[in-house]
Amino acid sequence: MSELRFVRMGFGAEPVEYQEAWDEQRRVHAARFADEVPDTVLLLEHPPVYTAGRRTAESERPLDGTPVIDVDRGGKITWHGPGQLVGYPIQKLPRPVDVVAHVRRLEEALIRTCAEFGLETTRVEGRSGVWVLGEPKQATPLGGLSLDLDPRLSDDEFDPRMDGPEYAPSNAGQRREDRKIAAIGIRVAKGVTMHGFALNVNPDNKWFDRIIPCGIRDAGVASLANELGRDVTIEEVLPVAERHLRDVLENADLRPRVIETEKTPA
């Protein structure tokens, strides 16, 4: 992969309106497709805003009528705002694009970022993003059966492609509430990625109470500050996240998605 370019668009007292960032994404996307610019990561904070991916259900939107911006990424509804580091990697990938591999690379960079601040995080099978696992709990057997239900049975966000040894088992009632610390939602057009990740550094998590974040009803929301029990700022996290994004994305062994073909009987 070519060398990454980082663009710090605006933070703190100068956050970037969502529409402005979206317009800039599309401009850089077109330039990257034409090979006029290198792979680019836009980094910023937004003022408070809810954005809804293509799979958002009406029941997951704010109950009080708070405005929502509908966007062309995958996933469902989420919130962006102060205290959250948002990154939009705009990268050209080999075709056919391996979307899951791209998501895993973003997760890896964010897992390393959290680890540098002393917080252990992981992936959860079937769900994108970076997670803090809940504490194990005792099952409640009744007549030889457990009352705990596997959320995957009714979770239309569960993606079986996100599975394997690098993923913790889905919380099938065997842990207390898992908490998502970083959300990931992307779009790939013409072989070039858009949208990206949102890492909760020190936001006011009450904003998430108005919605069903990412459409997941059996999990919570975490932040670096809350989990570590101390103040953590965007200024502290920004250079660390840049370093790990550069290390993971620049050194990635990019390969096209493997297309499985049916074997013809001899």
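Numbering starts at 1 and runs along the sequence shown. These numbers come from the heavy atoms of this one structure, side chains and all, not from hydrogens, waters or symmetry mates.
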Inset, instruction - Evaluate side-chain contact (heavy atoms from CB on, under 4.5 Å) for L228 paired with F117, printing each intermediate quantity in order. - result: CA-CA 8 Å; L228 296 173; F117 285 89; 4.0 Å; yes
Legend entry - salt bridge (charged side-chain N to carboxylate O under 4.0 Å, His left out) pairs, two or more places apart, involving residues 111-120: E108-R112, R112-D247, E116-R243
Legend entry - Residues which pass side-chain hydrogen bond (donor to acceptor under 3.5 Å, both in side chains) with Q25, listed by chain and number, not counting sequence neighbours: none
Inset, instruction - Answer yes if the side chains of T51 and R73 hold a donor-acceptor pair under 3.5 Å, and no otherwise. - result: yes
Legend entry - side-chain contact (heavy atoms from CB on, under 4.5 Å) involving P15 - partner list, sequence neighbours excluded: P47
What donor-acceptor contacts under 3.5 angstrom involve side-chain atoms of residues 196-203, with partners at least two apart or in another chain?
| residue | atom | partner | partner atom | Å |
| --- | --- | --- | --- | --- |
| N200 | OD1 | Q84 | NE2 | 2.8 |
| N200 | ND2 | A222 | O | 3.0 |
| N202 | ND2 | V232 | O | 2.9 |

Inset, instruction - Using side-chain contact (heavy atoms from CB on, under 4.5 Å) as the criterion, list what pairs up with A30, not counting sequence neighbours. - result: none
Inset, instruction - Would you kindly confirm whether L224 and L43 end up in one hydrophobic cluster when ILVMFWY residues are joined by side chain heavy atoms under 4.5 Å apart? - result: yes
Inset, instruction - Return the set of residues passing side-chain hydrogen bond (donor to acceptor under 3.5 Å, both in side chains) with D231 (not counting sequence neighbours), or none when no residue passes. - result: none
Inset, instruction - Would you please name every residue forming a side-chain contact (heavy atoms from CB on, under 4.5 Å) with R95, sequence neighbours left out? - result: F33, V97, K190
Inset, instruction - For D70, enumerate each residue passing the side-chain hydrogen bond (donor to acceptor under 3.5 Å, both in side chains) test, keeping only those at least two apart in sequence or located in another chain. - result: R61
Inset, instruction - Report the residues that fulfil side-chain hydrogen bond (donor to acceptor under 3.5 Å, both in side chains) with R257, sequence neighbours left out, ordered by chain and then residue number. - result: none
Legend entry - Shortest non-hydrogen contact from L4 toward E250: N-OE2, 2.9 Å
Legend entry - Short side-chain to backbone donor-acceptor contact, Q91 and T40, under 3.5 Å: no
Legend entry - Counterpart residues, side-chain contact (heavy atoms from CB on, under 4.5 Å), relative to Q19 (two or more places apart): W22, D23, R26
Inset, instruction - Report the C-alpha separation of R32 and D39 in whole Å, then their side-chain angles, then the decisive distance to 0.1 Å, and conclude whether the salt bridge (charged side-chain N to carboxylate O under 4.0 Å, His left out) test is met. - result: CA-CA 7 Å; R32 182 67 190 97; D39 290 333; 2.6 Å; yes
Legend entry - Ring geometry between Y18 and H80 (parallel below 30°, tilted from 30 to 60°, perpendicular above 60°): parallel
Inset, instruction - Could you list the residues that satisfy salt bridge (charged side-chain N to carboxylate O under 4.0 Å, His left out) with R27, not counting sequence neighbours? - result: E24
Legend entry - K180 and V130, any side-chain heavy atoms less than 4.5 Å apart: no
Legend entry - Listed partners of R230 passing salt bridge (charged side-chain N to carboxylate O under 4.0 Å, His left out), at least two apart: none
Inset, instruction - Kindly compute the distance separating CE (M194) from CD1 (I90), expressed to the nearest 0.5 Å. - result: 6.5 Å
